[in-house]
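Remember, it's a predicted structure, so these values are computed and weren't measured experimentally. Per chain, numbering begins at 1; letters A, B, ... match sequence-line order.
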2 protein chains.
Amino acid sequence: MKSVDTPTNCMQCPLRSSLFESLGRKELSCVHLNKREVVMEPGEQLVRSGDKITHFLYLQSGLLKLFTESDSRREQIISISRPRDFVGLLNIFSDTHHRYSMSAITDVRFCMIEVDCIKQLVDNNGFFARELLKNMSIAVDHILKDSYNLRSLQMHGRVAYVLYELSTEIFGSTGFELPLSRKEVGQMVGVSTENVIRVMSEFRQDGIIRIEGKKIYVLEPERLRLLTIRG
Amino acid sequence: MKSVDTPTNCMQCPLRSSLFESLGRKELSCVHLNKREVVMEPGEQLVRSGDKITHFLYLQSGLLKLFTESDSRREQIISISRPRDFVGLLNIFSDTHHRYSMSAITDVRFCMIEVDCIKQLVDNNGFFARELLKNMSIAVDHILKDSYNLRSLQMHGRVAYVLYELSTEIFGSTGFELPLSRKEVGQMVGVSTENVIRVMSEFRQDGIIRIEGKKIYVLEPERLRLLTIRG
DNA sequence: TTTGGAGTATGATAAATATCATATCGCTTA
DNA sequence: TAAGCGATATGATATTTATCATACTCCAAA
C-alpha cells in the first residue's frame with residue numbers, strides 16, 4: 001500500500017459519488033482534509049478479517065475482492081468491488097471490526113476517509129444519511145441477488161453467471177482480461193477449481209467463448225445469458 | 001390481514017425499538033398517527049414480490065418468511081424475520097417495489113408505518129438515520145453470515161444449522177415447535193425435501209434430537225453445534 | 001364416516017459434483 | 001539453463017445429492 005503523492009481535491013473530483021452531492025462546501029472540505037489516497041498492486045491485502053474498522057473506503061479504480069478466510073481450502077469470495085463502490089460499507093455501522101478480508105485483484109486506487117468523519121456527516125446531514133442508506137441498500141441487493149440466483153443454478157450456470165457478469169457489468173465488453181484465476185471463480189460460485197476449468201473448456205468447445213491466455217471473448221452472449229437463467 | 005381494534009400507543013409501546021429512542025415527543029407522535037397495527041394468520045401472504053413499497057413493517061410478535069417465488073419448484077427462503085425486526089428494511093431505500101415476497105409463518109402482529117414518514121425522519125434526524133443504518137447493517141450481516149456459512153456445509157450440516165439456530169436464536173430453548181415444514185427447511189438451506197426428512201430421521205436415530213409431531217427436542221446441542229461447523 | 005391431499009417417511013436409482021491422479025504450460029528463481 | 005511451482009487441463013473414480021417410487025399418517029372437507 002502506497003500513498004499517492006498528489007491527492008485529488010475532493011471539491012473537483014471527477015469520480016465524486018452522488019453520495020457527496022448533498023454536502024456543502026464546508027462538509028466536503030472536511031472530507032478532503034480527513035482523507036488519504038492510496039494505490040495497491042494485484043494480490044496485496046488491505047484488510048484482514050478482524051482488523052479494526054478505521055476508514056471508509058471509496059474505490060476510484062481497479063477491482064477488489066471481499067472474502068472469508070476461515071480456512072484456506074474453503075476461502076469464499078463474497079463480492080467484487082468495482083470503481084465508485086464504497087467498499088465494505090455493509091458493516092461499518094454495526095461492527096467495530098471487519099468481518100471479511102479484502103485484497104486487490106488488479107491495480108487499485110482508492111480514498112480512505114476516517115469513519116468518524118462519515119458518522120458525523122450522517123448525524124448532521126439527513127440527506128447524506130439517506131443517500132448512504134440507498135447506497136448500502138443497492139450493495140446489499142446486489143449481493144443477495146447474486147447469492148440467490150447462484151443457489152438455483154448448477155455448475156454450468158454458475159460459471160456462465162460469472163463470465164456474463166464480468167462481460168456485461170464489470171467490463172461492458174464481450175472481450176476482457178479475466179481478472180480472476182479459475183480457483184477464484186470457483187470460490188465465488190461454489191464450484192471446484194477443476195470443474196470451473198472443465199466447464200470453461202466445454203464453453204470453448206461449444207463456441208460460446210474463446211480463450212486466449214488471460215483474455216476471454218464471449219462469442220455468443222445470448223447463449224451465455226440463457227445458461228445463467230436456465231442452468 | 002386484519003387491523004387491530006385497539007392499537008398500541010407508540011409513546012408507551014413496550015416493544016419499542018431502540019431505533020425510536022432518538023425521536024422526540026413530536027416525531028414519535030407523527031409515527032403514531034401514521035401507523036396501522038395488523039394481525040395475520042399462518043400462511044397468509046402480506047407481500048408479493050413486485051408489490052409497491054408503501055409501508056415500513058415492524059414485527060411485534062410471530063415469525064415471517066421472506067422468499068423468492070420465481071418458480072414454485074425453486075422457491076427459496078431468504079430469511080426468517082423475528083419479533084422486533086424491521087421486515088424488508090433492506091430495500092426500502094433503493095427500490096420502489098418489493099423484491100421478495102413475505103408470508104406469515106405463525107400468527108403475527110405488526111405495525112405498518114408509512115414509508116414517507118420514515119424517510120422524513122431520516123432527513124430530519126441524523127441520530128435516527130444512524131440507528132437505521134446500524135439496524136440495516138445488522139440485518140445484512142445476519143443474512144450474509146448464514147448464506148456463507150451454509151455454503152460451506154453439506155446437507156447434514158445445513159439441516160443441523162437450521163435446527164440449531166431455531167433452538168438457540170429464535171426460541172432460546174432446546175424444545176420448540178418447528179414452525180417450518182420439512183419442505184421449507186429445505187428451501188432455506190438448499191436441500192431437497194426428501195433429504196431434509198432423511199437427515200432429521202438420522203439425527204433422531206443418533207439420539208441428537210427427539211421428534212414428537214411438530215415438537216422438536218434437541219437432546220445433544222453440542223453435537224448439533226459441531227455439525228454446523230464441521231459439516 | 002369416507003375421501004383426498006399434503007406432509008412425512010424410506011428405499012432404489014440416477015445425476016451432479018468433488019476428489020484424485022497425471023500431464024502440460026508458462027513463469028520465476030536458483 | 002535447469003529446476004520448481006502454480007495455474008491450466010483432462011480422465012477416472014468416489015461421493016454426495018436429487019429424483020423417482022411407494023407407503024403411511026393426519027387432518028380437513030365432502
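When the side-chain nitrogen and oxygen atoms of B:Arg198 are compared with OP1 and OP2 of C:dA9, none of them lie within a distance under 4.0 Å. The side chain of B:Asn195 places an N or O atom within less than 4.0 Å of a non-bridging phosphate oxygen (OP1 or OP2) of D:dA18. Side-chain N/O atoms of A:Thr193 include none lying less than 4.0 angstrom from OP1 or OP2 on D:dT8. Between B:Lys214 and the phosphate of C:dT8, there is a side-chain N or O to OP1/OP2 separation shorter than 4.0 Å. Regarding contacts with the backbone of D:dT8, every side-chain N or O of A:Ser201 stays at 4.0 angstrom or more from both OP1 and OP2. Here B:Arg182 reaches the OP1 or OP2 of C:dT8: one of its side-chain N or O atoms lies under 4.0 Å away.
Spacing between atom CD1 of A:Ile211 and atom C1' of D:dA9 amounts to 10 Å, rounded to whole angstrom units. C:dT8 atom P lies 10 Å from atom CG of B:Leu180, rounded to whole Å. Atom P of nucleotide C:dC20 and atom CD1 of A:Ile197 are separated by 16 Å, given to the nearest angstrom. Between the CG atom of B:Leu153 and the P atom of C:dA18 there is a distance of 15 Å, given to the nearest Å. Here D:dA9 presents its P atom at 13 Å from CD of A:Glu212, a figure rounded to the nearest Å. Between the P atom of D:dT16 and the CD atom of B:Glu202 lies a distance of 12 Å, rounded to the nearest Å. For the pair B:Ile209 CD1 and C:dT8 P, the interatomic distance rounds to 12 Å; values are reported in whole Å. Look at CZ on A:Phe203: it is 16 Å from P on D:dT8, rounded to the nearest Å.
Proximity note for B:Arg204 (side chain, C-beta onward) versus C:dT10, D:dT19, D:dA9: the nearest is C:dT10. Closest to the side chain of A:Gln205, from the set C:dT17, D:dT10, D:dA18, is D:dT10.
Cation-pi geometry between A:Arg210 and A:Tyr217 is met: the NZ or CZ atom falls under 6.0 Å from the ring centre, inside 45° of the normal.
Place A:Glu194 and A:His156 on DNA chain C by their nearest nucleotides, and A:His156 ends up nearer the 5' end.
Backbone-only contact: B:Gly190 has heavy atoms under 4.0 Å from sugar-phosphate atoms and none from a base. As judged by a 4.0 angstrom heavy-atom cut-off over every strand, B:Ser181 is placed among residues touching the sugar-phosphate backbone only.
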(request) Go through the steps to decide whether B:Thr54 and B:Glu114 satisfy the test side-chain contact (heavy atoms from CB on, under 4.5 Å), and finish with yes or no. (result) CA-CA 6 Å; B:Thr54 55; B:Glu114 290 190 14; over 6 Å; no
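A donor atom on one side chain and an acceptor atom on the other are found under 3.5 Å apart for B:Gln60 and B:Glu37.
One distance of note links OH of A:Tyr148 with OH of B:Tyr100; it measures 7.5 Å at 0.5 Å rounding.
Enclosure of atom CD in B:Glu177 by more than 12 non-hydrogen atoms of other residues, nucleotides or ligands within 6.0 angstrom is indicated.
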